[in-house]
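For reference, the structure is listed below as structure tokens.
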Amino acid sequence: RTLEVFEYFRIHQRPATVGEVAAALDLPQSSASMLLKSLVALNYLDYEPTARRFVPTYRVTLLGNWIQASRYESEAITEIMEALRRETGETVMLGLQSGPQIRYVHILAASYAVQLTVTVGTVRPMTLSAVGQILLGQKTNTQVKAIIRRNNADVDNASQRVKESEFLKEIELIRERGYAESRGKMTPGANVIAMLAPNDGNSPLLAIGIGGPMPRIDQRRKTIIEVMRQHLDQK
């Protein structure tokens, strides 16, 4: 619930009342009030008594800055993502593995009116998403096979099940070229190009994807790949 509170403020980016937080998190107002007051006591939230609103303190921003500093020597991953969005105009997403799935943990919306829409917290089968496939490329074939079988068992639509032998050939191609593409496998009519994010060797692997309507991505595919390689240091 605490993380949901932080996500609420990340999305809305403004002070909020107990009632607003309670409604958003589907909590009784009394429970929301206790949770918010606990975070105030820990100095993660500040309370404005006149307006009766809560707002995150600077301490929240310090929770993960050590990760940024240790993983990226010269440029934070959020800055890399901002640069990718600025230069491509498309939706930029950051994902990590969550069991046999990929979970999106940070999203920058496209500047186009027609865009690929993804929300933070969304999970996708690793076999169907470009972000998942590029991470699968870092695993052994035995590990990949286990995830294929799990994903195939979990999906409801038979068309989303992959053939093991064909998928392993695709993973080998991904390993060779350094990027993956979804090409409508997860979202019909959309394409996502994904590459590994920089990593210090001691942290869980992350991947960055750039996605949008397939015709627009196809038209600028070469440029998008070059821009990603430039910022993600993939030759």
Side-chain angles (χ1 to χ4, degrees), residues 77-78 80-81 84-85 88 90-110 112 114-141 143-199 203-218 220-221 224-225 227-229 231-232 234:
I77 196 166
T78 50
I80 293 174
M81 293 177 68
L84 291 172
R85 178 174 61 173
T88 66
E90 300 292 353
T91 299
V92 182
M93 57 208 81
L94 179 69
L96 52 71
Q97 183 179 356
S98 177
Q101 298 176 311
I102 193 73
R103 182 181 298 275
Y104 296 114
V105 295
H106 187 46
I107 304 290
L108 297 180
Y112 294 100
V114 179
Q115 60 180 264
L116 174 63
T117 301
V118 185
T119 57
V120 170
T122 297
V123 293
R124 298 283 191 238
M126 293 188 76
T127 52
L128 299 179
S129 67
V131 173
Q133 290 171 4
I134 193 66
L135 292 176
L136 284 175
Q138 307 306 301
K139 299 181 179 297
T140 66
N141 282 354
Q143 292 171 320
V144 174
K145 288 177 184 178
I147 291 177
I148 291 173
R149 293 163 189 166
R150 179 69 180 275
N151 283 177
N152 282 348
D154 289 343
V155 295
D156 295 326
N157 190 339
S159 66
Q160 293 184 323
R161 299 188 180 106
V162 302
K163 295 182 179 179
E164 190 172 290
S165 59
E166 294 179 3
F167 188 77
L168 287 173
K169 290 179 182 178
E170 186 174 352
I171 289 297
E172 187 56 40
L173 178 60
I174 289 169
R175 290 171 179 147
E176 291 175 4
R177 68 189 183 189
Y179 65 88
E181 292 186 77
S182 62
R183 300 204 61 81
K185 294 184 185 72
M186 190 66 250
T187 304
N191 189 25
V192 174
I193 301 173
M195 294 184 185
L196 292 175
N199 190 276
S203 306
L205 289 177
L206 297 170
I208 291 177
I210 294 180
M214 196 176 299
R216 197 167 68 214
I217 297 296
D218 285 350
R220 304 182 60 227
R221 181 174 174 275
I224 291 171
I225 291 172
V227 168
M228 293 183 76
R229 281 177 170 159
H231 287 283
L232 300 174
Q234 306 231 355

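Here the structure is a predicted model, which is why all the values come from computation and not from measurement.
- Here the shortest heavy-atom pairing between Glu181 and Tyr179 reads OE2-CE1, 3.7 Å.
- Residue-environment remark: CZ (Arg85) exceeds the threshold of 12 foreign heavy atoms within 6.0 Å.
- Side-chain contact between Gln97 and Leu205 is absent, with no heavy-atom pair separated by less than 4.5 Å.
- Within the 4.5 Å cutoff, side-chain heavy atoms of Met93 are placed close to those of Leu116.
- Atoms CD1 and CE, on Ile210 and Met195 in that order, are 8.0 Å from each other to the nearest 0.5 Å.
- Atom-to-atom distance recorded for Gln115:CD and Glu90:CD is 8.5 Å, nearest 0.5 angstrom.
- Nearest heavy-atom pair across Gly189 and Pro215 is O-CD, 4.4 Å.
- Counting non-hydrogen atoms of other residues, nucleotides and ligands closer than 6.0 Å to CG of Asn157 gives a total above 12.
- Two residues are said to be in side-chain contact when any heavy atoms from C-beta on lie closer than 4.5 Å; Val162 and Glu170 fail this criterion.
- Residues His106 and Leu206 have side chains not in contact (no heavy-atom distance under 4.5 Å, counting atoms from C-beta outward).
- The backbone N or O of Ile224 lies less than 3.5 Å from no partner atom in the side chain of Thr88, so there is not a single donor-acceptor pair.
- Judged purely by atom type and a 3.5 angstrom limit, Thr122 has no side-chain atom pairing as donor or acceptor with the backbone of Tyr104.
- Interatomic distance, Lys185 NZ to Asn191 CG, rounded to the nearest 0.5 Å: 8.0 Å.
- Under the 3.5 Å distance criterion, the side-chain polar atoms of Thr140 are matched with a main-chain donor or acceptor of Gln143.
- The minimum heavy-atom distance linking Val144 with Ile171 is given by the pair CG1-CG1, 4.3 Å.
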Can you list, pair by pair, the side-chain donor-acceptor contacts under 3.5 Å of residues 125-135, counting residues two or more places apart and other chains?
residue	atom	partner	partner atom	Å
Thr127	OG1	Asn151	OD1	3.2
Ser129	OG	Pro125	O	3.4
Ser129	OG	Gly132	N	3.0
Gln133	NE2	Thr127	O	2.8

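- By the 4.5 Å heavy-atom criterion applied to side chains, Leu232 and Ile80 are counted as neighbours.
- To the nearest 0.5 angstrom, Ile148 atom CD1 is 14.0 Å from Arg150 atom CZ.
- The CG atom of Leu173 lies 12.5 Å from the CG atom of Leu168; values are rounded to the nearest 0.5 Å.
- Listed by chain and residue number, nothing satisfies the salt bridge (Lys or Arg N to Asp or Glu O under 4.0 Å) test with Arg161 (two or more places apart in sequence, or in another chain).
- Taking the charged nitrogens against the carboxylate oxygens, Glu172 and Arg175 do have a contact shorter than 4.0 Å, which makes a salt bridge.
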- side chain to side chain contact (heavy atoms under 4.5 Å, CB included) between Leu84 and Met228, worked out: CA-CA 7 Å; Leu84 291 172; Met228 293 183 76; 4.3 Å; yes
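- Residues passing the side chain to side chain donor-acceptor pair (under 3.5 Å) test with Glu164, sequence neighbours excluded: Arg149.
- In this structure, Ile193 and Ile217 approach most closely via the heavy-atom pair CD1-CG2, 4.0 Å.
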- Task: For Ile208 and Ile77, run side chain to side chain contact (heavy atoms under 4.5 Å, CB included): C-alpha distance rounded to whole Å, both residues' side-chain angles, the deciding distance at 0.1 Å, then the answer.
- Result: CA-CA 9 Å; Ile208 291 177; Ile77 196 166; 4.1 Å; yes
- Task: Evaluate the side chain to side chain contact (heavy atoms under 4.5 Å, CB included) criterion for residues Asp218 and Arg183: first the C-alpha distance (whole Å), next the side-chain angles of each, then the deciding distance (0.1 Å), finally the verdict.
- Result: CA-CA 10 Å; Asp218 285 350; Arg183 300 204 61 81; 2.9 Å; yes
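- Across every non-hydrogen atom of Val114 and Pro213, the tightest pair is CG1-CG, 3.9 Å.
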- Message: As a quick check of understanding, evaluate side chain to side chain contact (heavy atoms under 4.5 Å, CB included) for Thr119 and Ile107, giving each step before the final call.
- Response: CA-CA 7 Å; Thr119 57; Ile107 304 290; over 6 Å; no
